[in-house]
Protein chains: 2
Amino acid sequence: MSKSKRLMDLMMTVNRKKKFTVKELATEFNVSTRTILRDLQELSELGVPLYSEVGPHGGYQVLNERILPPIAFTEEEAVAIFFACHALRHYAYLPFETESSSALSKFYFYMSGDVRDRIDEMKNRIDFVIPSRQAKFPYLSILLDGAIRQKVIRIEYESREGVSARLIQPVGIYASSGLWYCPAYCFLREDIRLFRCDRIRSAAEDSSGTQPLDLRHLYLGNREALLPSEQELTSLYVELTEEGVHRCEAEHWSATKLHRREDGTGWLEGSMPKGDIPFLAQFFIGLGAEATVQHPPELIDNIKRRLAEMMERYG
Amino acid sequence: MSKSKRLMDLMMTVNRKKKFTVKELATEFNVSTRTILRDLQELSELGVPLYSEVGPHGGYQVLNERILPPIAFTEEEAVAIFFACHALRHYAYLPFETESSSALSKFYFYMSGDVRDRIDEMKNRIDFVIPSRQAKFPYLSILLDGAIRQKVIRIEYESREGVSARLIQPVGIYASSGLWYCPAYCFLREDIRLFRCDRIRSAAEDSSGTQPLDLRHLYLGNREALLPSEQELTSLYVELTEEGVHRCEAEHWSATKLHRREDGTGWLEGSMPKGDIPFLAQFFIGLGAEATVQHPPELIDNIKRRLAEMMERYG
DNA sequence: TGTATTTGTGACAATAGTTGTCACTATTAT
DNA sequence: ATAATAGTGACAACTATTGTCACAAATACA
C-alpha cells in the first residue's frame, strides 16, 4: 500500500477510534511502529489535532475535531449546503453548542473560487426567513439531551395560571416560525403535553429519583398519531374564498381537510375535537370575510359570542 | 515538495481551474509532464472525475464534481450542518436544481461512526418545522437567476383582479413560513412590489428588449430601507395581554413597536401608514381579547365595521 | 522501588518509490 | 502537413520510506 493511501486510511481510522496506541495501528496496517510514529507526525502537520500521553494506559487521542476525507460535492450541492447553514443564522438559540457560522466559514474558505463567486452573487438574492423573536430559549440543550437519553427533567413552566414546577420527559424539540416547542410526557398531567420553550423558566435533570418511562417508541414524527384522542368529535364545514384557501394552506391542522374548487375558492370539511372550538373560533374570526363557518353550531355560537364581546369592548 | 503534498495541491488546483493542460501544471509545479501525467492518473484512481481530450484545444477537464480537501469540522459543526440540510427537506420547491438529500447522504456516509450514531439519536428528536404547502413554485430558479444577472423577466401574475402580464426585475427571492416571495421592480407600477411566487402563472426572460435598470444597490437586506414611504402616517397604540405580547412577537412589522411590562403584558406604540389599516384591523380582530386598539380612530372604526359585517353574516 | 507500558528520537542500511529523459504512438483542429 | 495535445514504456538517477536497533523519558501499578 502506498504511503499516501495509508495516510488517508490512517486519517479515517484515527477518527473512528478516537483513542488508540501506536502498536495497535502498526498491527492493523502491517508496518512497523516507527513508521506509524512518522505517519502520525505527518498527520499532525497536516492539521489533525493529535494528542498523546506516555505510560501505561496512555496512547494517542484525537481531540474534538473530526476530519472528513475528501468529499466530492457537486456545485449545486455545495451551494445548497451553504444556504441551509446560512439560514440557521436567523435562530438566536440553537441546541448545538457551537455557532454554525464557524462551520460555514470553513466550508466557504475551502471552496474553489468559482463556487465562492457563485455564492457571493447569491448571498443577497436568496434567503430563508424565520421571524426573529425577543423570546429566549436557554434550555434547549437540556431538553434535547433529555429526549435523547430518556431522562426526567424538572422545569418551572409559566402557563396562563402562573408559574408551576413540573416533571417532564421530553419527546423532542422543534422550531416553528421562530419559536421552539417541546412535546413531552408530563408527570403532573400524566399525558403528553406541548411546552413552549420560552415559557420554561428553569430546567435541570431531575434528582428526586422519578423513574423515566420507556418512551423510545415516541418521537417527533409519530407523537400525534400515537396519542389517543379521547375527545368528543364533531364535524366541521367552512366555506373559503380564494384568499381564505391560501391562508388555510399555512396551517398544519387543516391540510387534510382542505378542498379546492377550480375557481380558486374552496372549503374545509372533516372532523374536529370539541375541545378545539375556542381555538378555531378565534382562528376563523382572524380570517374575517375569507371564511364562513357553516358547521358545527357550537363553533358558530362561540364566534358570535366573541364578536359580541369585541363589539362591546370597542363601544 | 513531497508527492503527497503535491497531490493534495493538485487536487485543489484542478478543481479551481476546471480546464487545464498537462504542460501548464508541469510549469506550475516545477515537475516534468511525465510526473504530472502519473499524478493525474493517481488522482483519477482516488476518485477525481477527470476527462481528457487530445489535440489542439484539447486538455484535461474536471467533470461536474468539486472536491473539498480534507476539512476539519468539530462534531458540533458536523451535526449543525447535517440538521441545517435536513431542514431543507420541508421545502418541496427550491431554487437549486439538485436535491439537497444527495449532499446529505454523502455527508452522512463519510462521517465517522460515533458522529453518525449521534446524528441517528438526534434525528427524531429535533426538527425545524416549516409549514408544508400545496402551493407550487416552479419558477424560483428563473427569478433567482434574474436577480443575480439583472435581467428583466416577463411573468403572468394572478392578483385579486385577475391574471395580468407584467415585466419585472427581481431583487431576490425568500421563503417565509413555507411560501416563496419575490420583491422586484415592476415596470407596470414603476416601483418595487412584492410578488408571491405561487401566484406567478408563467415566467421567462423577457425578449421584447426592455432595458434592465441598474438595481445592483438593492438587495434583500436593504430593500425595505431604500423604499421611500410616501404614505400618510398616523400613530398606533394597542394594549396587549400577556398572550397578545407573545402573538405579536411573531410578527416582523411589530418588532420595533412592541413594549413589555414586568407582569408580562405590554403594548404596541409607533407610527403606521394609513394604507395598512385594513391589514391591521383584520390582524387585531384575529387577536380577539388579547389586544385592544386605542388609536387611531380610523382603525377602530374599520374593526367595528368588520365585526358588524361578520355578525350579520352569522345572523 | 522496580517493572511494564507507552511515546518519542536518532542513525543507518536496505528497500521501494519517484522522477526526468527520451523515444515512441495516437488523435485532432487548423 | 503541421502543431498541439494526451498517453505509454523503459531505464537510470535520485529520493523517500521503511524496519531495526539503541536509547530516553514519562507514568501507572504492584
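The chains referred to below are lettered A, B, ... by the order of the sequence lines, with proteins before strands, and numbering in each begins at 1. Atom set for the values below is all heavy atoms of this structure, side chains included, hydrogens, waters and symmetry mates excluded.
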End-to-end bend of the helix from C:dT1-D:dA30 to C:dT30-D:dA1 (five-pair axes, 10° rounding)?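 End-to-end axis angle: 40°.
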side-chain contact (heavy atoms from CB on, under 4.5 Å) between A:Leu25 and A:Asp39: does it pass, once the steps are laid out? CA-CA 11 Å; A:Leu25 293 183; A:Asp39 286 354; over 6 Å; no
Can you name the nearest heavy-atom pair linking [X] to [Y], along with the distance?
X: A:Gly146; Y: A:Ile153; value: CA-CD1, 4.1 Å
X: A:Pro183; Y: A:Leu220; value: CG-CD2, 3.8 Å
X: A:Leu143; Y: A:Cys197; value: CD1-SG, 3.8 Å
X: A:Val31; Y: A:Arg6; value: CG1-NH1, 4.0 Å

Provide, to the nearest angstrom, the distance between the [atom1] atom belonging to [X] and the [atom2] atom belonging to [N].
X: A:Leu43; N: C:dT7; atom1: CG; atom2: P; answer: 15 Å
X: A:Ile36; N: D:dG19; atom1: CD1; atom2: P; answer: 9 Å
X: B:Glu24; N: D:dT5; atom1: CD; atom2: C1'; answer: 12 Å
X: B:Gln41; N: D:dG9; atom1: CD; atom2: C1'; answer: 12 Å
X: B:Leu50; N: D:dA6; atom1: CG; atom2: P; answer: 12 Å
X: A:Leu37; N: D:dA22; atom1: CG; atom2: P; answer: 18 Å
X: B:Leu25; N: D:dG7; atom1: CG; atom2: P; answer: 12 Å
X: B:Leu40; N: C:dT19; atom1: CG; atom2: P; answer: 13 Å

For DNA chain D, determine which residues of residues 26-33 of chain B have any heavy atom closer than 4.0 angstrom to one of its atoms, and list them numerically.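 Nucleic-acid contacts, sorted: none.
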From A:Tyr157, A:Tyr139, A:Tyr185, residue fulfilling ring-ring contact (aromatic ring centres under 6.0 Å, His included) relative to A:Phe195: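 For A:Phe195, the ring-ring contact (aromatic ring centres under 6.0 Å, His included) check succeeds only for A:Tyr157.
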Side chain to side chain contact (heavy atoms under 4.5 Å, CB included) against A:Glu53, all qualifying residues, sequence neighbours excluded: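 Counting only residues at least two positions away or on another chain, A:Glu53 forms a side chain to side chain contact (heavy atoms under 4.5 Å, CB included) with A:Tyr51.
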Check for me whether A:Arg116 meets the cation-pi criterion with A:Tyr108, that is, NZ or CZ under 6.0 Å from the six-membered ring centre and within 45 degrees of the ring axis.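 Yes - A:Arg116 lies over the ring of A:Tyr108, closer than 6.0 Å to its centre and within 45° of its axis.
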Check whether [X] reaches the backbone of [Y] with its side chain - one donor and one acceptor, N or O, closer than 3.5 Å.
X: A:Glu205; Y: A:Lys151; result: no
X: A:Gln150; Y: A:Asp214; result: no
X: A:Trp180; Y: A:Tyr93; result: yes

Run the side-chain contact (heavy atoms from CB on, under 4.5 Å) check on A:Leu94 and A:Leu140 step by step: do they pass? CA-CA 7 Å; A:Leu94 284 170; A:Leu140 297 178; 5.6 Å; no
Any residue meeting salt bridge (charged side-chain N to carboxylate O under 4.0 Å, His left out) with B:Asp9, in chain and number order, not counting sequence neighbours: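 Result, salt bridge (charged side-chain N to carboxylate O under 4.0 Å, His left out) vs B:Asp9: B:Lys5.
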Which residues within residues 51-61 of chain B lie with some heavy atom under 4.0 Å of an atom in DNA chain C?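 Hits under 4.0 Å, by residue number: B:Val54, B:Gly55, B:Pro56, B:His57.
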Indicate, yes or no, whether a donor-acceptor pair under 3.5 Å links the base of D:dG9 to the side chain of B:Arg34.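 Present.
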Identify all pairs in which a protein N or O lies below 3.5 Å from an N or O of nucleotides 11-17 of chain D, and state each distance.
{"from": "D:dT17", "atom 1": "OP1", "to": "A:Lys3", "atom 2": "NZ", "distance (Å)": "3.1"}

Can you tell me how far CD1 of B:Ile173 sits from CZ of A:Arg125, rounded to the nearest 0.5 angstrom?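 Here the rounded value is 11.5 Å.
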